[in-house]
Amino acid sequence: MDKAHSGDDVVLSLDEVFALSKSVLVAAGLTEAQAAPLARVLTEGQRDECHSHGLFRLPGCVQTIHHPRFNRDAVPDVTDTTAAVTRVDAQFGFSLPALEAAMPRFVEKARAIGISVLAINNCFHITALWPEIERLTAQGLVAIAMTPSHSWVAPAGGTKGALGTNPIAFGWPREGQEPYVFDFATSAIARGDISLHKMAGKPLKEGWAFDADGNPTTSAAAALEGAMLTFGGHKGSALSTMIELLAGPLIADMTSLESMDFDDGLKAAPCHGEILIAFDPAILGGGSRDNQASSERLFSAIADQGARLPSTRRYAARARSLANGVHVPRHLYEQIMALPRAG
Ligand code: NDP
């Protein structure tokens with residue numbers, strides 16, 4: 001493929017990113033049905049310039065597909081547990097095909113009774129959470145998603161990994177404009193970003209990580225062998241522990257410690273559960289107040305003083321990418337083009 005390039009970057013259209021991702025995933029052994037949701041979310045990550053969760057993730061996806069415990073023939077199994085609770089067993093495939101299979105019932109229940117909880121079990125999880133949050137806000141629902149990872153993160157006051165990078169994402173739909181969405185790891189930095197620092201030869205900020213001996217480090221390579229810290233000291237540490245409990249034992253799935261044991265040193269994507277909660281504001285608000293007017297007043301009070309709302313960087317990047325395509329670092333493009341591709 002001879003692609004347009006700009007400096008050290010290769011410029012791809014979003015369709016090309018999707019097609020490239022899907023062909024690599026299918027060549028690695030996924031079915032079309034499994035590959036498509038993952039390729040779509042990687043494309044969305046690249047489109048929104050979330051570089052640690054775009055094409056950069058593709059080689060890691062391939063590595064995970066080759067994990068001996070990854071199920072290439074996984075067919076998600078959805079169970080209607082109660083009027084509010086849906087469970088989907090990803091059968092040791094990726095989380096996204098399971099989410100796709102359960103999404104209609106998950107949304108239907110929120111609309112019917114105001115709140116809906118989705119437990120995804122036994123999933124390899126490698127993706128950012130905001131794409132799934134945006135699917136829910138697009139349906140007019142308020143949403144939260146949480147998942148553990150591997151125990152790379154030390155609790156406040158400790159130096160050894162016990163917690164995961166444990167992302168939490170939240171979305172609030174807004175009339176006539178992009179939703180309010182945040183999505184962050186509860187570690188001081190996402191693990192993928194440490195790898196990006198390592199690749200770029202950039203030091204980490206102080207207070208982000210320990211080396212394998214428990215000494216503070218700014219070396220990305222040493223941090224990858226040691227442990228990261230949570231953000232916000234004891235507050236981030238407790239929030240991260242809550243995510244472990246809600247997306248692990250509460251839904252009968254693995255903690256980050258258990259996910260790390262399950263990986264058995266193979267360095268694949270973490271395997272565990274995920275919990276999503278959706279609220280229907282039409283039911284919870286009961287129509288007694290104009291919830292959009294109140295929330296818009298709050299967003300204005302934030303933005304009007306020059307503070308930015310989370311996701312505004314992403315939405316600006318999205319507009320650029322939709323107009324001009326995406327820039328992929330040449331070394332990453334070449335790494336991906338060296339992978340087997342289907343068709
Ligand atoms: P960031 O720190 O990059 O961003 C966190 C959030 O804060 C984003 O919503 C971002 O919006 C917003 N934000 C950033 N800076 C500001 C600011 N100055 N003012 C207001 N809002 C701001 O995220 P992380 O590095 O912690 O996480 C990156 C991704 O990694 C997440 O998508 C997460 O889901 C994913 N992840 C996935 C894991 C998994 O196991 N699947 C594990 C850990 C992380 P914006 O995007 O617009 O900048």
Side-chain angles (χ1 to χ4, degrees), residues 25 29-42 44 53 61 64-65 67 69-139 141-149 164 166-171 183 243-256 258-259 262-263 268-280:
L25 294 169
L30 292 191
T31 62
E32 291 270 329
Q34 291 169 327
L38 188 51
R40 191 184 69 233
V41 165
L42 295 178
E44 289 172 351
H53 286 79
C61 293
T64 298
I65 294 166
H67 192 290
R69 290 178 170 169
F70 184 88
N71 180 4
R72 295 176 194 192
D73 302 316
V75 178
D77 183 16
V78 182
T79 310
D80 273 324
T81 308
T82 67
V85 179
T86 309
R87 188 181 287 284
V88 55
D89 186 340
Q91 307 269 6
F92 299 98
F94 283 116
S95 60
L96 290 171
L99 177 67
E100 193 104 332
M103 193 58 116
R105 265 178 268 188
F106 177 45
V107 168
E108 205 175 281
K109 289 180 184 186
R111 293 252 167 75
I113 61 167
I115 183 164
S116 179
V117 179
L118 176 63
I120 305 179
N121 290 121
N122 305 322
C123 61
F124 281 85
H125 205 298
I126 200 159
T127 36
L129 298 179
W130 57 261
E132 45 206 73
I133 290 290
E134 282 194 25
R135 286 187 66 190
L136 294 163
T137 54
Q139 310 246 18
L141 300 174
V142 174
I144 300 176
M146 292 172 266
T147 185
S149 64
N166 299 4
I168 179 167
F170 169 81
D183 175 16
I243 295 166
E244 291 283 342
L245 296 172
L246 293 181
L250 180 71
I251 59 165
D253 218 311
M254 286 188 265
T255 61
S256 298
E258 291 163 335
S259 171
F262 179 86
D263 183 57
C271 181
H272 43 65
E274 176 179 352
I275 189 166
L276 293 102
I277 308 166
F279 306 92
D280 187 345

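Values in this document were obtained by computation on a predicted structure and should not be read as measured data.
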Engineer: Going through the checks in order, is the side-chain contact (heavy atoms from CB on, under 4.5 Å) test met by M146 and N166?
Structural biologist: CA-CA 7 Å; M146 292 172 266; N166 299 4; over 6 Å; no
Engineer: Look up atom CZ in R105 and atom OG1 in T79, then write down how far apart they are to the nearest 0.5 Å.
Structural biologist: 8.0 Å
Engineer: Return the SG to CD1 distance between C271 and I126, rounded to the nearest 0.5 Å.
Structural biologist: 11.5 Å
Engineer: Please test I133 against D183 for side-chain contact (heavy atoms from CB on, under 4.5 Å), starting from the C-alpha separation and ending with a verdict.
Structural biologist: CA-CA 9 Å; I133 290 290; D183 175 16; over 6 Å; no
Engineer: Does a side-chain heavy-atom distance below 4.5 Å link F279 with I144?
Structural biologist: yes
Engineer: Which one of L99, L96, D253 satisfies the side chain to side chain contact (heavy atoms under 4.5 Å, CB included) criterion with I120?
Structural biologist: L99
Engineer: Measure the spacing between CG of N122 and CE of M254 and express it to the nearest 0.5 Å.
Structural biologist: 6.5 Å
Engineer: Does any N or O in the side chain of S256 come within less than 3.5 Å of the main-chain N or O of S149, such that one atom is a donor and the other an acceptor?
Structural biologist: yes
Engineer: Of all the heavy-atom pairs spanning H125 and A269, show the shortest one and how long it is.
Structural biologist: O-CB, 3.8 Å
Engineer: Search all heavy atoms of A247 against all heavy atoms of P148 and return the closest pair with its distance.
Structural biologist: CB-CD, 3.6 Å
Engineer: Closest approach of A102 and T86, non-hydrogen atoms and distance?
Structural biologist: CB-CG2, 4.4 Å
Engineer: Give a yes or no on whether the backbone of H272 and the side-chain of S259 come within a donor-acceptor separation of less than 3.5 Å.
Structural biologist: no
Engineer: Is D263 reaching over with its side chain to a backbone N or O of A268, donor-acceptor style, under 3.5 angstrom?
Structural biologist: yes
Engineer: Considering non-hydrogen atoms only, spot the tightest contact between F94 and C61 and give its length.
Structural biologist: CZ-O, 3.8 Å
Engineer: Test your reading of the model: is there a side-chain donor-acceptor pair from R69 to the backbone of F262, 3.5 Å cut-off?
Structural biologist: yes
Engineer: Of V117, L245, I275, which meets side chain to side chain contact (heavy atoms under 4.5 Å, CB included) against L250?
Structural biologist: I275
Engineer: Could you report the tightest heavy-atom contact between G29 and R72, atom names first, then the distance?
Structural biologist: O-CB, 3.7 Å
Engineer: Measuring from R111:CZ to L141:CG, what's the distance to the nearest 0.5 Å?
Structural biologist: 5.0 Å
Engineer: Might you point out which heavy atoms bring E132 and A145 nearest each other, and give the distance in Å?
Structural biologist: OE2-CB, 4.4 Å
Engineer: Just by modelled atom types, is the T255 backbone N or O under 3.5 Å from a matching donor or acceptor in the E258 side chain?
Structural biologist: yes
Engineer: Output all residues satisfying salt bridge (charged side-chain N to carboxylate O under 4.0 Å, His left out) with D77, sequence neighbours left out; order by chain, then residue number.
Structural biologist: none
Engineer: Closer than 3.5 angstrom, by distance alone: can the side chain of S116 be matched with the main-chain N or O of F106 as a donor-acceptor pair?
Structural biologist: yes
Engineer: Rounded to the nearest 0.5 Å, what separation is found between the CD atom of E32 and the CG atom of L25?
Structural biologist: 10.5 Å
Engineer: Distance-only, no hydrogens or angles: does the R87 side chain make a donor-acceptor pair with backbone N or O of I251 under 3.5 Å?
Structural biologist: yes
Engineer: Looking at N71 and Q91, would you say the former's side chain and the latter's main chain have a donor-acceptor pair under 3.5 Å?
Structural biologist: yes
Engineer: Under the criterion side-chain contact (heavy atoms from CB on, under 4.5 Å), I'd like the reasoning laid out for I243 against T147: C-alpha separation, chi angles, the key distance, then a yes or no.
Structural biologist: CA-CA 7 Å; I243 295 166; T147 185; 5.8 Å; no
Engineer: List the steps and the verdict of side-chain contact (heavy atoms from CB on, under 4.5 Å) for M103 and L136.
Structural biologist: CA-CA 9 Å; M103 193 58 116; L136 294 163; 3.8 Å; yes
Engineer: Between Q34 (side chain) and P97 (backbone), is there a donor-acceptor pair under 3.5 Å?
Structural biologist: no
Engineer: Can you check whether T82's main-chain N or O pairs, donor with acceptor, with K109's side chain at less than 3.5 Å?
Structural biologist: yes
Engineer: Between E44 and V41, is any pair of side-chain heavy atoms under 4.5 Å apart?
Structural biologist: yes
